[in-house]
Amino acid sequence: MRSISIKRLASAIFSIFLTYGIQAQTVGDKSLQAGMVGGVGVSMLKMGTNYLSANGVGATFTVGTNFTKAFKESKNLAYTFGLEFDIENLKFKKEDANVFYRYTDKVIKSQKETVATTDKYFLMSERTYNPVYISLPIYLNFRTEFIGDFRYFANFGLRNRFLVSNKINDTGFSLDNLNDPLALWKNQDNIDMSSKGELFIFNSNIGFSAGAEWNFAGTTVLKAEIGYYYGFVPLFLDRSDDKKSLFILDNDLNKVYFSNKSTQNQVALKFSILF
């Protein structure tokens, strides 16, 4: 009987300490939060060429992991970092000049590549790039104490992004021989085309976001934020003359090659669940 009483007493003491420990460890006391993030946004393009223009706004979808680490000196100051995948589309259309390229199958040819018998020409009306980036964001996080179940914050920092893949979808007209005056243009969509080295492999933007955390269960929080991100690194390489793929025709019907030029600004809404 005595041993049973001791066991019961020990269990009661353990339960008290366990309960106290769970209650004492609030989300406001945690120095590290980690979880998943997802978001959607729109992209606005600022053009650097007169031959192409932005065709409305593009879309972006983000998914990845997110971490927030508080500074030892202050719980109201932290830094947020993560690993994210950005899946985007960037929409363009031609301006006054007719924009062409040469291609075989699904490969867009550069100026330096030898003309093959299988080559065709494409007169482009609209173009959509579909890049996928790995994003490494890092922000300073300024946040309040919890007011009830809510805490408010603002982020300021950088998103450094690296290009993983890119596909191009074009709408326009195809022609077998550009030099044949009797050749007929055929309405055509070129889907999942590739153009090597056109998009810059590195992209970076500086951003500001603000939002709130909701402590809805234990030390688990739901974060919602909206942010603006200014792209200061060009999306496209200023390619050397022999590597350019897009061209217009001058008054003498000579090919004048050029590179697409644009930067990107984004507005994004993100949600995170952190533990």
Side-chain angles (χ1 to χ4, degrees), residues 43 45-55 58 85-134 161-204 231 233-264:
S43 299
L45 300 171
K46 183 178 180 181
M47 303 303 300
T49 175
N50 292 324
Y51 301 134
L52 295 171
S53 63
N55 187 14
F85 289 90
D86 294 336
I87 303 167
E88 300 189 349
N89 66 51
L90 308 169
K91 299 179 180 179
F92 299 86
K93 61 183 178 181
K94 76 177 186 68
E95 277 298 305
D96 295 334
N98 288 327
V99 176
F100 303 85
Y101 62 78
R102 180 167 53 92
Y103 73 100
T104 293
D105 194 19
K106 290 185 177 295
V107 179
I108 297 173
K109 300 292 190 68
S110 66
Q111 180 181 2
K112 72 174 182 178
E113 294 180 84
T114 304
V115 178
T117 56
T118 55
D119 285 352
K120 297 181 180 181
Y121 290 87
F122 196 81
L123 172 59
M124 190 173 70
S125 299
E126 296 181 357
R127 164 168 285 191
T128 301
Y129 293 91
N130 296 287
V132 177
Y133 291 95
I134 288 179
R161 310 194 304 165
F162 301 88
L163 183 67
V164 176
S165 66
N166 177 50
K167 291 297 182 182
I168 299 170
N169 295 332
D170 288 327
T171 299
F173 303 88
S174 179
L175 185 70
D176 291 339
N177 188 349
L178 191 63
N179 298 317
D180 183 358
L182 299 179
L184 297 177
W185 290 96
K186 295 178 293 185
N187 196 317
Q188 182 171 308
D189 292 337
N190 279 358
I191 306 299
D192 290 339
M193 304 294 289
S194 63
S195 181
K196 186 177 179 181
E198 186 165 351
L199 279 174
F200 194 16
I201 193 172
F202 175 73
N203 179 251
S204 184
V233 175
L235 287 171
F236 299 92
L237 285 171
D238 189 7
R239 307 172 85 180
S240 59
D241 288 341
D242 62 342
K243 293 183 179 180
K244 295 175 181 177
S245 61
L246 300 176
F247 65 88
I248 63 169
L249 299 177
D250 64 15
N251 293 331
D252 298 321
L253 300 182
N254 296 313
K255 299 182 184 70
V256 179
Y257 282 83
F258 69 96
S259 294
N260 195 0
K261 296 179 181 179
S262 176
T263 54
Q264 176 189 31

Are more than 12 heavy atoms from other residues, nucleotides or ligands located less than 6.0 Å from atom CG of Leu249? yes
Surrounding CG of Asp96 (heavy atoms of other residues, nucleotides or ligands, distance under 6.0 Å), is the total greater than 12? no
Distance-only, no hydrogens or angles: does the Ser259 side chain make a donor-acceptor pair with backbone N or O of Arg239 under 3.5 Å? yes
Rounded to the nearest 0.5 Å, what separation is found between the CZ atom of Phe100 and the CG atom of Leu123? 5.0 Å
Please confirm whether the backbone N or O of Asn130 pairs with a side-chain atom of Asn166, one donor and one acceptor, at under 3.5 Å? yes
Below 4.5 Å, heavy atoms only, C-beta onward: do Met193 and Phe122 meet side chain to side chain? no
What is the distance from atom CG of Leu163 to atom CD of Glu88, rounded to the nearest 0.5 Å? 10.0 Å
Any donor-acceptor N/O pair, Asn169 side chain to Asp192 backbone, under 3.5 Å: yes
Determine whether more than 12 heavy atoms belonging to other residues, nucleotides or ligands lie under 6.0 Å from atom NZ of Lys46. no
Can you name the nearest heavy-atom pair linking Met47 to Ser53, along with the distance? CG-CA, 3.9 Å
Assess whether a salt bridge exists between Glu113 and Lys196, defined as any Lys/Arg side-chain N lying under 4.0 Å from an Asp/Glu carboxylate O. no
For Asp242 versus Ser110, what's the shortest heavy-atom pair and its separation? O-OG, 3.8 Å
Other residues, nucleotides and ligands only: do more than 12 of their heavy atoms fall within 6.0 Å of CG on Asn177? yes
Do you know which two heavy atoms are closest between Ser195 and Ser245, and how far apart they sit? OG-OG, 3.7 Å
Between Asp119 and Arg102, is there a salt bridge with N-O shorter than 4.0 Å? yes
Between Tyr129 and Asn89, is any pair of side-chain heavy atoms under 4.5 Å apart? no
Pairwise distance OG(Ser262) to CG(Leu52) - rounded to 0.5 angstrom: 9.5 Å
Taking all atoms of both residues into account, what is the closest heavy-atom pair of Gly197 and Leu237, and its distance? O-CD1, 3.0 Å
Rounded to the nearest 0.5 angstrom, the CG-CZ distance for Asn98 and Phe247 is 10.5 Å
Between the CD1 atom in Ile191 and the OG1 atom in Thr128, the distance rounded to the nearest 0.5 Å is 9.0 Å
Side chain to side chain donor-acceptor pair (under 3.5 Å), that's the test. Do Ser174 and Tyr103 meet it? Break it down for me. CA-CA 10 Å; Ser174 179; Tyr103 73 100; 2.9 Å; yes
So, does Asp250 use its side chain to make a donor-acceptor pair with the main chain of Asp252 at under 3.5 Å? yes
Hey, what do you get for CG (Asn190) to CZ (Phe173), rounding to the nearest 0.5 Å? 12.5 Å
Which heavy atom in Asp176 sits nearest to a heavy atom in Tyr121, and how many Å separate them? O-CD1, 4.2 Å
Minimum heavy-atom distance between Val99 and Phe258, given as atom pair plus value: CG1-CZ, 3.9 Å
Any non-hydrogen side-chain atom of Ile108 less than 4.5 Å from a side-chain atom of Glu198? no
Would you call Phe236 and Leu199 a side-chain contact if the rule is heavy atoms closer than 4.5 Å? yes
For the residue pair Leu90 and Arg127, establish whether any side-chain heavy-atom pair is separated by less than 4.5 Å. no
